[in-house]
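Just the heavy atoms: all of them, side chains too, but no hydrogens, waters or symmetry mates, feed the values below. No experiment lies behind these values; they were computed from the predicted model shown.
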Amino acid sequence: MAGKNQSDRRPSWAPPVLRGERMAAGLRTLELDVRRRLDGLLQGNHLGLVPGPGSEPGEARPYQPGDDVRRMDWAVTARTTTPHIRETVADRELETWVVADLSASLDFGTALCEKRDLVVCATAAVAHLTGGGGNRIGALISNGQGSTRIPARGGLAHARGLVRRLAETPRAPEGVRGDFAGALEQLRRPPRRRGLAVVISDFLGPGDWERPLRALGARHELIAVEVLDPRDVDLPEVGTVVLADPETGRQREVHASALLRKEFGAAAHAHRQQVATGLRRAGAAHLVLRTDSDWISDLVRFVVARKRRWSGGAA
């Protein structure tokens with residue numbers, strides 16, 4: 001019996017419940033979890049999620065193989081007829097924007113939480129990792145039915161309020177399609193000073209987000225957080241089941257035969273490869289969070305790997 005109780009216990013790393021009467025307590029637990037497990041991780045680096053050189057223009061120097069062509073200084077290149085890039089200096093007041101997709105496909109989860117809970121968790125972590133030093137964070141939240149823009153400001157009270165606003169965003173009515181591409185376009189206009197853009201979505205559906213994301217990545221340091229549930233990539237052997245598309249309201253009864261499960265897995269794998277390719281083309285660092293995995297550990301591995309690459313170590 002003791003073994004059964006142990007196996008039924010919710011893992012300590014599971015995201016807190018962020019709905020109903022448990023919302024306030026869940027947000028407090030989330031903040032404590034983020035602080036306890038992330039504090040000290042990035043000591044000594046200005047801003048843990050972006051490269052050390054920063055984003056403000058500095059001196060021009062001759063281009064060298066391996067330099068980022070997005071930093072090419074065309075005015076100096078034309079004047080000297082020799083390719084030059086513009087060095088950057090650390091910006092001590094960085095502006096971070098989060099684009100949070102809360103369309104109906106994220107109101108789903110078959111493991112320890114819904115995907116929308118991981119959107120809130122990831123945003124809380126970004127707010128913690130980029131806070132302090134005069135840095136500011138803002139958010140653009142889209143559920144398909146509408147969007148909410150939270151201006152970029154600094155301070156712990158603002159960060160807490162931003163995470164709460166995100167967690168309290170109403171669910172879109174059934175049949176309402178998401179508009180992630182539209183949210184990305186809204187962030188691009190008007191153009192902002194260079195900073196950090198973090199986009200969080202399950203990236204399901206059409207790839208109309210690729211073009212605005214590439215445009216965003218051309219100006220900002222870009223991180224894409226892909227949120228997944230096990231059923232997004234694998235159809236279990238459950239016999240006859242009714243599948244529903246929350247963004248269209250369509251339903252279909254299917255028998256989960258071995259052939260269907262194989263075809264579903266192949267299609268899901270192909271879609272994920274397309275998403276990874278699109279993110280790579282946009283210049284985005286790609287983090288995957290799953291509803292059945294320790295999301296903070298996954299985030300820590302992601303950040304540590306990025307720090308190693310910046311310092312010239314192995315990824």
Side-chain angles (χ1 to χ4, degrees), residues 42-99 126 129-130 132-138 140 152 154 181 183-199 203 207-226 273-287 301-315:
L42 307 171
Q43 295 296 328
N45 271 17
H46 166 59
L47 205 60
L49 293 176
V50 296
S55 58
E56 290 299 286
E59 297 295 323
R61 66 165 174 78
Y63 173 85
Q64 298 177 359
D67 286 336
D68 188 347
V69 296
R70 292 178 296 180
R71 292 178 177 169
M72 191 72 72
D73 190 321
W74 297 110
V76 177
T77 297
R79 189 166 61 249
T80 63
T81 70
T82 302
H84 278 68
I85 66 165
R86 178 68 62 176
E87 289 278 24
T88 55
V89 295
D91 176 10
R92 298 302 172 185
E93 293 185 359
L94 184 112
E95 187 167 283
T96 298
W97 278 88
V98 175
V99 181
V126 169
L129 291 173
T130 61
N135 297 332
R136 299 177 298 278
I137 184 169
L140 203 153
L184 295 174
E185 285 288 359
Q186 287 186 54
L187 184 58
R188 289 182 55 212
R189 302 187 180 119
R192 307 173 190 284
R193 61 183 289 186
R194 292 184 182 273
L196 173 65
V198 181
V199 299
F203 295 96
D208 56 353
W209 47 266
E210 288 194 40
R211 184 174 179 179
L213 191 65
R214 283 199 301 269
L216 204 58
R219 182 166 182 81
H220 303 282
E221 184 74 18
L222 187 59
I223 294 176
V225 183
E226 183 182 9
Q273 291 296 110
Q274 291 174 359
V275 169
T277 300
L279 297 178
R280 189 163 54 249
R281 287 173 180 165
H286 185 189
L287 167 63
R301 283 191 289 269
F302 170 80
V303 176
V304 170
R306 282 172 64 80
K307 289 181 67 179
R308 286 176 179 167
R309 284 194 291 270
W310 301 332
S311 62

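- The structure places CG of L140 at 11.5 Å from CD of E185, a figure rounded to the nearest 0.5 Å.
- Each of V225, L279, I223 was checked for a side-chain contact (heavy atoms from CB on, under 4.5 Å) with H286, and the lone residue meeting it is L279.
- A distance of 12.0 Å separates CG of L184 from CZ of R214, quoted to the nearest 0.5 Å.
- Remark: F203 CZ to E210 CD distance equals 10.0 Å, nearest 0.5 Å.
- Using a 4.5 Å heavy-atom threshold, the side chains of L213 and L222 count as touching.
- Taking every heavy atom of both residues into account, P212 and A181 meet most closely at CG-O, 4.0 Å.
- In this structure, H84 contributes its side chain and T82 its backbone to a donor-acceptor pair below 3.5 Å.
- In terms of heavy atoms, V275 sits closest to W209 at O-CH2, 3.9 Å.
- The CZ atom of R79 lies 14.5 Å from the CH2 atom of W74; values are rounded to the nearest 0.5 Å.
- Atom-to-atom distance recorded for H220:NE2 and L187:CG is 6.0 Å, nearest 0.5 angstrom.
- When all heavy atoms of L94 and T96 are compared, the closest pair comes out as CD2-OG1, 3.4 Å.
- In this structure a side-chain-to-backbone donor-acceptor pair under 3.5 Å is present from R194 to R219.
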Derivation of the side-chain contact (heavy atoms from CB on, under 4.5 Å) call for N135 and I137: CA-CA 7 Å; N135 297 332; I137 184 169; over 6 Å; no
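- Taking each heavy atom of A183 and V99 in turn, the nearest pair found is CB-CG1, 3.8 Å.
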